[in-house]
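Below, chains carry the letters A, B, ... as their sequence lines are ordered, and counting in each starts from 1.
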Amino acid sequence: MKKFKRYTITSALPYANGPLHIGHIAGAYLPADTYVRFLRLRGEDVVYVCGSDEHGVAITLGAKKEGLTPKAFVDKYHNIMKKAFEDFGISFDIYSRTSNEIHYKTAQEFFTKINDQNLFTIDSSDQYYDEEEKIFLADRYIIGTCPNCANPNAYGDQCEKCGTSLSPKQLINPRSTVSGKTPVLRPTKHWYFPLDKFEGWLKEWLVEGHKDDWKTNVYGQCKSWIDQGLQPRSITRDLDWGIPVPLPEAKGKVLYVWFDAPIGYISATKELKGKDWEKYWKDPETRLIHFIGKDNIVFHCIIFPSMLKANGEFILPDNVPANEFLNLEGEKLSTSRNHAVWLHEYLQEFPGRRDELRYVLTSISPETKDADFTWSDYQKKVNSELVAILGNFVNRVMVLTWKYFDGKVPSEKEIAGTTEKRKKILAYYNQAHTDLDKTVKEMINCLQTFKFREAQFQMMNLARIGNKFLADAEPWKLAKEDMEAVAAILNYALTVVGNIAVACEPFLPDAAKSIKKQLNASGLDKKWNELWTKEQLVHTVPEGHQLNAAELLYKNIEDEDIARQVSRLKKTESKPMEATNLKAIKPEVVFDDFSKLDIRIGKVVAAEKMEKSDKLLKLTINAGVDTRTILSGIAKHYSAEEMVGKQVAFIANLAPRKMMGIESQGMILSAEDSDGKLRLIRPDEIVNPGSTVS
RNA sequence: GGCGAGGUAGCUCAGUUGGUGAGAGCGCAGGAUUCAUAACCCUGAGGUCGGGGGUUCAAUUCCCCCUCUCGCUACCA
């Protein structure tokens with residue numbers, strides 16, 4: 001493995017529009033934090049940067065819903081997230097934000113550097129602008145009369161009646177579907193990043209260069225993307241919230257959020273390190289690693305590296321150990337349904353139990369496939385592993401030492417195998433020592449290769465081996481006959497405890513602190529970190545050293561605690577959605593607008609799944625006046641069989657539209673739940689087919 | 001539909017460049033023990049390695065087909 005001089009570690013910038021839940025933590029933050037703590041213990045030069053991602057349309061919309069300015073909105077969520085990370089003990093060297101001035105400057109410089117090389121392409125055109133909503137309108141948000149067939153409801157890109165491809169400017173009497181007003185043409189242009197030009201380079205650098213050292217899930221998805229061919233990506237937006245494009249001719253334009261966000265890693269490093277920042281991003285002997293969730297793979301493995309390459313001054317990520325997703329009680333985490341364990345709520349509900357959550361999330365870390373968090377699993381892992389194995393081992397060693405030696409570290413002297421019993425003890429000792437060294441090596445090896453689940457398991461094995469050593473050596477029996485042997489046993493057991501204090505720090509920082517306190521370790525732990533560099537057990541506590549009182553590392557999680565969390569999940573899920581999650585009411589219409597729609601009831605007489613489509617059902621509807629074919633995107637929610645015989649509401653005079661080669665003559669009405677679930681709108685009782693709805 | 005990743009003991013997951021009886025932790029059963037938070041330690045039961053076909057002396061591991069889960073992507077009027 002290549003030896004690096006220093007490390008730049010990033011965790012995905014969380015988007016500042018909501019609080020953090022355990023899925024975020026398990027995906028991008030806990031693994032990174034564990035890794036960073038490990039690197040620090042090894043004495044590596046490392047920066048660990050992160051911050052809030054605060055730009056984009058979703059922020060402006062979210063702000064509008066909450067009646068805040070975008071700035072006030074991101075301030076609110078930035079502070080919530082920052083505090084949650086701090087309280088949970090994610091050890092960023094800096095948690096910054098993309099609304100900072102330094103970030104504006106950095107992102108603009110980054111843009112300029114690429115622009116100076118004439119790498120961007122510019123696509124300039126007149127676009128319709130909605131003066132009421134003050135936004136440029138995408139083609140689909142404009143309707144008007146088709147110049148070809150006079151259909152009054154043609155879309156900006158296509159007339160559905162005659163099938164002609166259109167551009168918005170060809171429409172007669174264009175209207176904005178957002179406000180209903182007549183939009184005006186305004187010239188606008190956008191800058192595009194030519195991702196396609198980096199295809200050859202990506203094949204070399206990623207497809208060839210990282211075939212073996214990147215995780216299969218990451219590599220597979222990247223290769224698939226590159227093989228499908230890459231397109232130029234627009235990197236500017238007409239928006240008033242974001243980083244202004246630093247060109248005089250780009251007034252009123254901002255950088256597209258995905259362009260500015262990853263540069264936030266760089267800005268944060270600048271903010272942290274001042275003039276010293278460059279070596280963390282420009283020296284090839286620096287190892288750059290991005291920790292992310294799988295939704296961010298393409299972005300961090302293809303787009304951002306291409307940007308860095310285009311800029312020309314920067315190093316590239318050496319690895320991107322993306323995690324899969326975390327589920328909760330067998331179902332996907334859902335913010336809108338409130339099916340989630342929120343980090344800030346966990347910290348309130350389980351005060352002082354940060355290690356417990358870290359431990360459980362690492363032990364089920366979705367490293368190779370989606371994983372499931374359940375509260376009962378949480379309880380089991382805490383009680384039967386943290387309490388019973390680790391906590392108990394430390395406790396029994398402490399208690400024994402106090403009982404037999406008044407809390408003073410007993411003699412370091414090794415015993416001679418003068419009796420049968422002593423010979424046995426020596427054998428146990430040798431066995432334990434061999435096992436422990438092997439385990440430490442294995443743990444370190446796993447940490448280096450991002451196998452945190454396995455690494456933590458090996459860390460726990462240190463306590464398992466310690467427990468076995470005590471059970472085999474039985475010092476409590478020897479206390480009556482051979483105190484010298486008891487001393488040797490406990491001295492070694494304390495050494496193991498000390499090493500566990502060092503070894504568990506990346507995983508369980510609070511336990512590390514507590515054990516060190518019990519060992520009264522301040523001032524004598526200078527060489528302890530040799531565990532990490534020499535990859536073997538080190539002697540931690542000198543003879544005669546006075547220990548502090550024993551304290552329990554962990555307490556059992558009671559059934560009631562778990563029951564409360566489970567019922568809480570159920571309760572919050574059934575409660576109606578908060579208004580902030582609902583879509584805003586559309587602009588007012590007059591009755592005439594409504595009466596233009598011909599909504600009717602029809603009976604599904606036949607239904608089949610459209611081939612080659614995941615979402616479409618082809619329905620044959622008896623509409624009374626006629627029988628027609630309607631395609632509907634409900635296949636994920638209704639099977640073809642269960643649709644047959646059902647009465648449904650549909651729009652009878654909607655312009656026909658071709659999909660997948662078949663013309664759909666109408667639109668089935670259904671209600672969409674916040675989580676995207678569709679339910680049909682149907683009459684309360686059976687009515688005659690063709691009945692109108694008003 | 002295309003692409004990517006997964007489907008291994010009750011649960012959470014390892015593993016196999018194809019080959020002696022397929023592993024761990026937890027859970028469960030039995031035993032031993034008392035220093036310890038009814039904890040620890042030992043032993044054991046449990047799997048036709050998603051289904052079918054093929055290649056091979058030999059496949060859970062390679063190839064093909066099917067199926068289920070997750071993600072990206074097209075179709076949602």
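Not one side-chain nitrogen or oxygen of A/S224 sits closer than 4.0 Å to the OP1 or OP2 atom of B/rA5. At the phosphate of B/rG71, OP1 or OP2 sits under 4.0 Å from a side-chain N or O atom of A/K332. Residue A/K468 places at least one side-chain N or O closer than 4.0 Å to OP1 or OP2 of B/rC42. In this structure, A/R453 reaches the B/rA14 phosphate: one of its side-chain N or O atoms is under 4.0 Å from OP1 or OP2. Here A/S632 does not reach the OP1 or OP2 of B/rC75: none of its side-chain N or O atoms lies under 4.0 Å away. Listed pair A/R657 / B/rC76 meets the phosphate criterion, a side-chain N or O lying under 4.0 Å from OP1 or OP2.
Taking for each of A/A471 and A/G220 the nucleotide of RNA chain B with the nearest heavy atom, the 5'-most of the two is the partner of A/G220. For A/E454 and A/F325, each mapped to the nucleotide of RNA chain B holding its nearest heavy atom, the one lying further toward the 5' end belongs to A/E454.
Each of A/V693, A/N653, A/I681 was compared with A/I599 under the side-chain contact (heavy atoms from CB on, under 4.5 Å) criterion, and only A/V693 meets it.
Note: CD1 (A/I364) to P (B/rG6) measures 19 Å, nearest angstrom. Atom OH in A/Y219 sits about 24 Å away from atom P in B/rG71, given to the nearest Å. One atom, CZ of A/R464, and another, P of B/rG25, lie 7 Å apart when rounded to the nearest Å. Rounded to a whole Å, the CG atom of A/N461 is 19 Å from the P atom of B/rC13. To the nearest angstrom, P of B/rU34 lies 12 Å from CZ of A/R396. Rounded to a whole Å, the CD atom of A/Q231 is 14 Å from the P atom of B/rU73. A/L326 has its CG atom 18 Å from the P atom of B/rG6, to the nearest Å. Between the P atom of B/rG71 and the CD1 atom of A/I292 lies a distance of 16 Å, rounded to the nearest Å.
Comparing B/rA22 with B/rC13, their P atoms are spaced 23 Å from each other, to the whole Å. Only the C1' atoms considered, B/rU48 is 22 Å distant from B/rG44, to the nearest whole Å. Atom C1' of B/rA39 sits at a distance of 49 Å from the matching atom of B/rG52, rounded to the whole Å. Spacing of P atoms, B/rA58 relative to B/rU20, comes out at 14 Å, to the nearest Å. B/rU69 sits 44 Å from B/rA32 when the C1' atoms are compared, rounded to a whole Å. The same atom, C1', is picked in B/rC49 and in B/rC3; the two are 26 Å apart, to the nearest Å. Comparing the P positions of B/rG21 and B/rG25 gives an interatomic distance of 22 Å, to the nearest angstrom. Separation of the P atoms belonging to B/rG53 and B/rC42 is 43 Å when rounded to the nearest angstrom.
In this structure, the nucleotide among B/rU8, B/rG27, B/rA39 sitting nearest to the side chain of A/K380 is B/rG27. Here the side chain of A/D472 is nearest to one of B/rG71, B/rC35, B/rC41, namely B/rC41. Of the candidate nucleotides B/rC13, B/rC70, B/rU37, B/rC70 has the atom nearest to the side chain of A/K294. In the set B/rC26, B/rC13, B/rU34, B/rU34 carries the atom at the smallest distance from any side-chain atom of A/W476. Looking at the side chain of A/F457, the nearest of the listed nucleotides B/rG25, B/rA39, B/rC35 is B/rG25. Comparing B/rU37, B/rG6, B/rC75 against the side chain of A/L552 picks out B/rU37 as the nearest. The side chain of A/K381 sits closest to B/rU12 out of B/rC40, B/rU12, B/rA14. Checking B/rC26, B/rC76, B/rG7 against every side-chain atom of A/S384, the shortest atom distance belongs to B/rC26. Ranking B/rG6, B/rC40, B/rC75 by closeness to the A/L616 side chain, first place goes to B/rC75. Distance from the side chain of A/Q221 is smallest to B/rC72 among B/rU33, B/rC72, B/rG7.
Atom CZ of residue A/R453 and atom OG of residue A/S363 lie 9.0 Å apart, to the nearest 0.5 angstrom. A/I415 CD1 to A/N491 CG: the interatomic distance, rounded to the nearest 0.5 Å, is 11.5 Å.
B/rG46 has its base syn relative to the sugar, with a glycosidic angle deviating from 0 by at most 90°.
At the heavy-atom level, A/K223 lies nowhere under 4.0 Å from the strands shown. Here A/N392 lies in heavy-atom contact (under 4.0 Å) with a base. Residue contacts for A/A635: at a heavy-atom cut-off of 4.0 Å it reaches no nucleic acid atom on any strand shown. Within 4.0 Å (heavy atoms only), A/K615 reaches at least one base atom of the nucleic acid. Using a 4.0 Å heavy-atom distance criterion, A/V387 is classed as a base contact. Within 4.0 Å of A/L553, counting heavy atoms only, lies at least one base atom of the nucleic acid. At the heavy-atom level, A/T374 lies nowhere under 4.0 Å from the strands shown.
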### Query
Does the pair A/L508 and A/L386 meet the rule for a side-chain contact (heavy atoms from CB on, under 4.5 Å), with working shown?
CA-CA 10 Å; A/L508 307 168; A/L386 281 183; 3.8 Å; yes
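Taking all atoms of both residues into account, the shortest heavy-atom contact from A/P31 to A/I25 is CD-O, 3.7 Å.
A/F450 and A/F291 have perpendicular rings, their planes meeting at more than 60° on a 0 to 90° scale where under 30° would count as parallel.
In this structure, B/rA24 and B/rU12 make a Watson-Crick or G-U wobble pair, each of the two defining distances being under 3.5 angstrom. In this structure, B/rG30 and B/rC42 make a Watson-Crick or G-U wobble pair, each of the two defining distances being under 3.5 angstrom. Pairing partner, B/rU55: none, since no Watson-Crick or wobble contact has both distances short of 3.5 Å. In this structure, B/rG6 and B/rC68 make a Watson-Crick or G-U wobble pair, each of the two defining distances being under 3.5 angstrom.
For the pair A/D437 and A/K441, the salt-bridge criterion is not met [side-chain N within less than 4.0 Å of a carboxylate O].
Between A/F373 and A/W375, the distance from one ring center to the other falls under 6.0 angstrom.
Counting only heavy atoms from C-beta outward, the side chains of A/V604 and A/T620 never approach each other to under 4.5 Å.
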